[in-house]
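Here's the structure we're looking at; comments come further down.
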Amino acid sequence: MLLAGAVGVYYLLTEHLAHLGQAVPYLFLLACPLMHLAHGHGHHGHEPSKSGSLPEEHPGHR
């Protein structure tokens with residue numbers, strides 16, 4: 001069964017690698033919005049407070 005899986009993987013890599021190469025630009029374009037969704041919610045404390053003073057620093061944040 002392992003040998004059959006190895007032959008199948010070899011066939012897919014040799015016959016369909018060109019198709020995968022054509023999809024790489026689209027994968028990068030798809031990765032951009034996914035990265036924004038995954039990492040876009042951690043920017044707290046960059047806006048000045050309503051009193052007009054500077055935001056206080058968090059411990060360990062310089």
Side-chain angles (χ1 to χ4, degrees):
M1 201 150 166
L2 193 60
L3 183 62
V7 169
V9 168
Y10 174 77
Y11 171 74
L12 286 174
L13 288 177
T14 56
E15 296 295 322
H16 298 288
L17 197 58
H19 300 291
L20 184 63
Q22 292 172 351
V24 168
Y26 298 109
L27 294 175
F28 279 120
L29 288 175
L30 180 63
C32 291
L34 292 176
M35 292 295 287
H36 282 286
L37 287 174
H39 298 287
H41 302 290
H43 298 285
H44 302 290
H46 290 285
E47 296 178 14
S49 63
K50 292 181 183 177
S51 65
S53 64
L54 295 174
E56 64 181 74
E57 288 196 23
H58 300 288
H61 206 219
R62 295 181 186 200

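Residues: numbered from 1 along the sequence shown. The analysis underlying the following values was restricted to heavy atoms, covering all of them including side chains, and did not include hydrogens, waters or symmetry mates.
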Tyr11: which residues meet the side chain to side chain contact (heavy atoms under 4.5 Å, CB included) condition with it, sequence neighbours left out?
Glu15, His16

What one should report as the nearest heavy-atom pair of Pro25 and Gln22 is CD-O, 3.5 Å

Distance check, rounded to the nearest 0.5 Å: Leu30 atom CG versus Met35 atom CE?
12.0 Å

